[in-house]
Amino acid sequence: MAIPEPHRRIFASVFSPVHVNDPKPKAKSKEPDRAWLAATTFLSIPDRGFEGLEDEGLKVPGKGVTDSLAYLVDKGVTNRGEWSIFDWYGGEMRRHFYKNYKAELVKFLDHRDGLRKIVYCLQLIRKAYFAPLMEYLLPLLDAVEQERVFVQRRRNFHLMIAYTLPWQRVSPLLSRELMTHAITILGIDTLQEREEEVDVDDMEVDRRYSVSYRDWRDEPSAEVRMQMMTEGEDARITTARERLLSFFNDLELVGLGGVRAQNVFAGVMNTMMTEFMRAAYTGQWEGPSKVSQHLRHWIENVFARLVVQVLAIINVPETGTKETDRLDVKLSDVEKWQEIGIARLGALRTGELFDVIVEWPASSGAIEDLRHFTAYPAARFQVTQSFSAALEQRLLHPGASTVEILQMYISIIRAFNLLDPKGVLLDRIARPIRRYLRDRQDTVRVIVGGLLADPADAHVHGPGDTLVELSAELTKAHQNSMTSDRGELDWDDMNWMPDPVDAAPDYRKSKSSDVIGSLISLFDSKEAFVKEMQRMLADRLLQKWANFDQEMSVLELLKLRFGDNALQACEVMLRDIFDSRRVDAVVRNDQGLTRKLAAVSPTSSLEDDDIPQLHAKILSHFFWPELQEQFFNVPEEISELQQRYAAGFASLKQSRKLTWLNGFGQVKIELDLEDRWFTDEVTTWQATVIYAFNTPSDEGSDEGSDEPISKSVNQLAEELDMSVALVRSACLFWVSKRILTEVQRDTFRVLEVLPNEEEEAIGGTGVSAADDTAGGGSADSAAAAEAAAAAAAKESAEAATMEKMNLYWQFIMGMLTNQGAMPLQRIVMMLKIAVPGGFPFSNEELREFLAGMVSKGKLEIVSGGNYKIVQ
């Protein structure tokens with residue numbers, strides 16, 4: 001059946017009447033057949049691999065071939081409905097490529113540098129395929145047709161490459177290649193070198209293309225900066241730039257550019273921006289900060305410059321004509337990149353925020369950088385969430401002392417007041433810290449101790465001893481409140497801003513809030529602070545004799561916060577001390593005790609030919625906190641002075657009498673030993689114990705003997721009517737001062753002469769062995785020596801074990817201070833967790849060690865068998 005002409009034309013427009021593999025078109029005359037045969041024979045590509053592809057040149061056509069090409073081109077142009085020589089040549093390119101090159105190119109994808117090999121081979125293939133087209137066929141067409149035919153053939157060639165090389169395998173190779181050059185062009189490798197080699201020559205680095213933030217802080221002029229960022233580019237960076245742009249040009253030519261290459265390039269540049277900030281700004285926290293300015297300058301002059309150069313190559317559309325308005329990088333794009341950079345910088349500072357707070361105030365520049373990031377609620381939420389998680393992990397745990405937590409909290413208050421003056425971020429961060437501090441038993445004691453500390457002693461105490469800065473902060477806060485405290489509703493404040501939208505419903509912020517106010521408001525009631533203030537003030541007043549300016553200043557400043565009535569007892573305590581000076585002078589004068597007036601704490605000199613001096617502080621019992629008195633018998637000389645002093649006081653104050661608290665006060669003591677003098681200020685019970693060695697004991701004593709006096713702990717406890725624990729504690733104190741030596745368990749002797757190094761090496765401080773001249777070393781003597789040696793070895797082993805156990809005392813003390821009283825089993829469990837490598841001692845060994853600490857007065861056993869730190 002014949003096909004109607006309209007249907008035949010439609011079918012022919014879709015399906016070409018000549019198959020791609022047909023050697024020639026179906027023509028009615030012999031002239032087209034001869035022309036087709038001559039042209040296709042000349043244009044056919046021989047089936048060869050990559051061998052000789054570089055050296056293969058163009059064949060020179062004869063006159064017959066030239067005429068045949070002209071004839072076929074003319075026929076193909078005028079009769080578009082028939083198969084043209086251009087269509088045949090495109091099919092020949094596909095046949096030859098799939099047969100000769102496809103498999104080899106796919107193999108290159110498995111090599112690390114395979115992409116460069118692929119691009120190089122594709123360039124040779126493209127040259128071999130397009131040279132005949134450009135040399136013999138396109139010149140036969142007019143300009144319009146040349147553009148159309150060339151774009152069509154190029155598109156088909158690119159599609160053929162895309163089908164052969166899957167992009168999911170090409171993109172990792174392309175990304176790796178781009179990173180290799182971009183890291184040099186953007187100056188990241190220079191910054192990494194500075195991190196690894198701190199002794200790099202600064203003059204050399206300053207001439208490099210990427211100027212580091214350290215160099216930027218010197219603030220060169222705009223012209224100098226631009227010269228350093230452009231003309232200062234060294235040969236290494238110039239070479240990397242040229243190679244990268246050349247490589248992108250090659251990619252575009254062989255069909256591996258376009259939108260897909262743009263996506264890979266965008267991903268690489270995204271990574272490079274983050275890597276640059278990590279290398280350039282990590283740990284750069286000095287203030288005032290210029291990091292944001294340096295980052296914006298780098299993005300505009302380095303980052304954006306590379307983007308413009310690369311997009312000018314790979315952003316060419318399929319038409320071959322660049323659309324300038326659509327493809328050029330606009331100023332708005334650069335501004336967006338700068339905002340992205342600021343956001344990345346904020347993320348970097350958020351991750352560093354804990355360390356930034358630790359280093360405060362030297363790290364104030366990092367907080368300034370973070371202010372640019374926290375302009376939006378989402379960013380503010382990210383900062384608080386990340387920092388709160390870091391606090392839970394690194395600070396709010398039993399291993400951190402209360403002093404460390406409070407020091408960190410103070411730095412947080414100062415830093416976040418700079419970051420967010422309205423205090424919303426601080427309000428979020430502080431809530432878990434404040435809850436945790438309320439559960440610490442020693443929080444109030446540490447705060448009050450810091451308030452009473454002398455700022456002049458800040459350089460003496462270590463960072464973990466006390467919060468000395470609280471005292472100075474208290475004074476500074478009072479001065480600030482007098483000059484700028486107008487409250488929240490200050491109608492003259494032209495910079496007033498409403499609360500942020502992300503503020504909590506119960507958020508309240510006052511302009512007068514400060515570090516001291518934040519710490520005092522940790523607890524709902526001020527009674528805890530007042531009681532602790534009374535207790536610590538009492539300790540300080542009893543330990544010092546003169547110069548109470550610091551205590552008076554702190555008390556006056558706290559009265560402004562708590563009120564006069566709350567601190568009335570503290571005022572009475574101070575008044576007692578000042579009144580005691582006047583009363584003490586009168587009593588001493590009336591009783592003839594003013595041989596020498598020394599402005600020191602109560603002293604007792606132990607020289608036989610000298611009368612001890614006695615000073616007293618007279619306390620109003622009702623207003624002072626309960627004092628835990630240690631009862632014992634003082635030396636007879638001191639007891640007589642106390643009776644004379646009490647009589648003088650009774651005559652001065654008719655209706656009052658003194659009750660002596662011998663456990664309090666200090667003694668300035670002087671000891672005359674054979675080879676040295678010892679002078680120090682000690683407690684009254686320590687002085688009483690060492691004075692007891694000045695007289696021999698009743699049992700077996702020999703007053704005429706020159707041997708040093710030895711006394712046991714039980715003997716001293718009975719003689720002085722003092723507790724055994726207190727006696728042993730005093731003896732160990734004098735052992736640490738090398739005044740006494742422990743000759744055997746709980747027996748001590750005066751160390752009149754310090755041993756030399758050899759004697760110390762062989763234990764010369766113990767009991768010396770006498771020569772056995774009678775009996776020539778009898779069996780009894782040998783047995784006694786052996787028994788003594790065994791006892792000494794056992795005692796030495798026990799001492800070594802206890803010394804090792806002392807290494808874990810800080811862990812135990814920290815746990816009991818931070819977590820409160822604990823039973824033995826829980827202490828063991830936490831030690832096994834906290835001690836690296838595990839706790840090596842048994843429960844019985846730990847129980848014996850803790851019992852020793854109880855006897856020393858460092859621990860006490862409360863209800864339930866729990867161990868607790870003695871306050």
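Predicted, not measured: the structure shown is a model, and the values here were computed from it. Heavy-atom basis, side chains included; hydrogens, waters and symmetry copies ignored.
Remark: side-chain polar atoms of D576 are not paired, donor with acceptor, to backbone N or O of L619 under 3.5 angstrom. No donor-acceptor distance shorter than 3.5 angstrom exists from the side chain of R440 to the backbone of I405, with no hydrogens or angles considered. When atom types are taken as modelled, the side chain of R847 and the backbone of L824 share no donor-acceptor pair closer than 3.5 angstrom. E359 places no side-chain N or O within donor-acceptor distance of the main-chain N or O of V356, the cut-off being under 3.5 Å. Looking at K868, its side chain never comes within 3.5 Å of a backbone N or O of T817 through a donor-acceptor pair. Remark: the backbone N or O of D369 is not paired with any side-chain donor or acceptor of S292 at under 3.5 angstrom. Judged by distance alone, with hydrogens and angles left aside, the side-chain atoms of S388 form a donor-acceptor pair with the main-chain N or O of T384 at under 3.5 Å. A distance-only check finds no donor-acceptor pair linking the side chain of S289 to the backbone of W285 [under 3.5 Å]. Although no hydrogens or angles enter the test, the distance criterion places a donor-acceptor pair under 3.5 Å between the side chain of E352 and the main chain of G283. In this structure, the side chain of W734 engages the main chain of Q686 through a donor-acceptor pair within 3.5 Å.
No side-chain heavy atom of I433 sits less than 4.5 Å from a side-chain heavy atom of Y436. Between M822 and Y867, every side-chain heavy-atom pair lies at or beyond the 4.5 Å cut-off.
Within the 6.0 Å centre-distance limit, the rings of F387 and F416 are counted as a close aromatic pair.
Ring-plane geometry between Y281 and H294 is classed as perpendicular, the angle between the planes exceeding 60 degrees on a 0 to 90 degree scale with a lower cut at 30.
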- Evaluation steps, side chain to side chain donor-acceptor pair (under 3.5 Å), between N662 and T684: CA-CA 7 Å; N662 293 328; T684 53; over 6 Å; no
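With salt bridges taken as basic N to acidic carboxylate O contacts below 4.0 Å, none links R581 and D584. In this structure, R435 does not pair ionically with D439, as no charged nitrogen and carboxylate oxygen lie closer than 4.0 Å.
For R344, the salt bridge (charged side-chain N to carboxylate O under 4.0 Å, His left out) test picks out no residue, with sequence neighbours left out.
There is a side-chain donor-acceptor pair under 3.5 Å between R434 and S521.
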